[in-house]
Amino acid sequence: MKKAGPDTVSAAYSHMAPLWDKVSSILGGTETMRGAGTLYLPQHDRESNAAYDERLNRTVLINTTEQTLGGWVGRPFAKPMQVNADVPSELVDLLPDVDRQGNDLDVFCRNWFRDGLAKGFSHVLVDFPALMGDGPRTLADDRSAGLRPYLVHVPPENIISAHCEVMDGVEVLTHVRVHEQQIVRDGFEEAVIDRIRVYEPGLVELYEKRGTKGREDWVVVESYNYDLPYIPLVTFYAQREGFMLSKPPLLDLVNMNIAHWQSQSDQTAVLTVARFPMLASSGMMDDDEVVVGPNQWLATRDPQGRVYYVEHSGKAINSGRLDLLDLEEKMAKYGAEFLTKKPGRQTATARSLDSAEAVSPLQDMTHRFVDSVNLAMQYAADWMGLDNGGTVDLNTDFGLSSSDGGALTALSNARQSRDISREAYLRELQRYNVLDRSFDVDVDGELLRDEQSLAGLSTQVLVEEDEDESI
């Protein structure tokens with residue numbers, strides 16, 4: 001049994017890691033899905049490795065998950081984040097470069113929100129330059145030295161373990177371990193150093209592996225104290241199920257997207273078979289010479305002999321095409337469900353909305369996110385010795401009413417039964433603000449046709465019912 005160390009992961013991390021891998025693989029696009037190989041595209045029984053590799057490398061991902069996530073994130077950030085008048089001027093001055101990487105508050109929060117929606121939750125560490133000098137420091141000392149708090153986005157897969165205690169009904173972090181990687185130059189090459197940074201209230205320790213290969217051990221290479229009596233980590237939960245546990249809102253859509261990836265791969269394979277009929281013969285002698293190609297002719301010494309092509313019936317092609325279209329309709333409908341207002345849903349911020357007011361799941365998640373940003377602002381204020389960090393607001397005027405939801409369901413049913421065209425369906429989604437106003441139906445149609453062409457899809461059945469064509 002492996003000895004526990006700083007790199008030992010928590011039970012919550014072990015539960016969430018496969019879900020994050022699945023979401024990240026889809027969001028990574030075609031190349032990432034191909035790189036995952038048999039994990040998301042099983043190899044058929046008796047399918048050779050060469051045939052499988054050819055099928056895998058011809059499969060193209062139609063990334064509905066990425067498109068839906070982009071639409072969700074774009075709604076609250078369609079308007080700039082509002083910084084309210086209660087934010088101290090000292091904090092306002094930091095917002096144009098809130099992470100010391102050149103990103104303003106809007107850009108930083110958009111990335112944080114996107115990561116949280118994709119993976120269920122995501123973190124921000126409100127950090128401060130480590131102070132290695134001796135003796136007490138004042139706020140004036142920090143300002144004169146240009147020291148300031150800044151935000152660090154920490155993806156959920158980087159926090160391998162976290163623990164908390166409930167104090168006066170509030171969860172308080174007591175221990176957090178963050179996995180880091182540092183790339184250093186080694187001559188003309190690069191080396192990657194794994195690190196574990198351990199946070200406890202008022203204390204940070206940095207671990208690295210040291211020793212000879214095969215006999216390495218984690219050792220503390222850096223340790224420093226900080227002035228806050230808590231760990232300044234803020235976690236935005238999209239759909240919380242427990243401490244460091246959440247169901248990614250996109251998970252069901254991701255699973256549908258994987259099913260589409262697999263069905264499309266099979267469709268490409270069956271089209272390949274159908275497009276190349278198999279040459280068969282009856283009555284040919286073992287020593288009859290058979291040469292197939294242009295300007296060639298075939299003969300047999302058997303008067304009853306014949307040579308003919310055996311072609312695919314085409315039924316499986318049409319069934320596969322309908323399966324893909326059905327999955328695409330379901331995936332398109334999925335995004336709209338999170339925009340539909342649902343009466344009685346409890347909002348995250350009772351002071352902003354009455355608890356019985358109808359809000360959509362995406363609106364609810366946006367309110368949760370605003371609370372997280374405001375907490376990060378308070379942590380930054382604590383670093384600077386300020387009493388109050390103030391508040392910010394995001395646009396939440398994008399939910400669909402229950403009547404809109406009924407209309408969208410009717411539209412989806414009409415499209416599935418082919419009572420309306422794809423173009424009419426998309427234009428109605430745009431009218432109901434499910435699709436962004438900048439969405440171009442005609443351009444999207446061209447892109448979709450290009451994707452289908454690359455994937456070897458066709459809306460026509462290329463072969464007729466079982467018929468043998470004699471030569």
Non-neighbouring partners of E47 that pass salt bridge (Lys or Arg N to Asp or Glu O under 4.0 Å), sequence neighbours left out
R55
Considering only NZ, NE, NH1 and NH2 on the basic side and carboxylate oxygens on the acidic side, decide whether D252 and K247 come within less than 4.0 Å.
yes
Do R197 and E180 sit within salt-bridge range, that is, some charged N less than 4.0 Å from a carboxylate O?
yes
Using the test ring-ring contact (aromatic ring centres under 6.0 Å, His included), find all partners of [X] that sit at least two apart in sequence or belong to another chain.
X	value
Y230	Y379
Y13	W20
W261	none

Test Q43 against every option in D53, N49, T38 by the side-chain hydrogen bond (donor to acceptor under 3.5 Å, both in side chains) rule and name the one that passes.
N49
Pairs in or reaching into residues 105-115: which pass salt bridge (Lys or Arg N to Asp or Glu O under 4.0 Å), with residues at least two apart or in two chains?
E66-R114, D115-K119
So, using side chain to side chain contact (heavy atoms under 4.5 Å, CB included) as the criterion, who are the partners of A238 when residues are at least two apart?
L117, F236, P249, M365
Heavy-atom distance under 4.5 Å between the side chains of C109 and M81, does that happen here?
yes
State, with a plain yes or no, whether a side-chain heavy atom of Y199 is found less than 4.5 Å away from one of V204.
yes
Which word best sums up how the rings of W112 and F369 line up, parallel for under 30°, tilted for 30 to 60°, or perpendicular for over 60°?
perpendicular
H153 and F108 aromatic ring geometry - parallel, tilted or perpendicular at 30°/60° bounds
perpendicular
Step through the shown structure and confirm whether more than 12 heavy atoms of other residues, nucleotides or ligands are within 6.0 Å of CD on Q182.
yes
Within a 6.0 Å radius of atom CZ on R418, are there more than 12 heavy atoms belonging to other residues, nucleotides or ligands?
yes
Is it true that the side chains of H179 and D7 contain a donor and an acceptor less than 3.5 Å apart?
no
Would you say the side-chain atoms of R46 and H44 include a donor-acceptor pair closer than 3.5 Å?
no
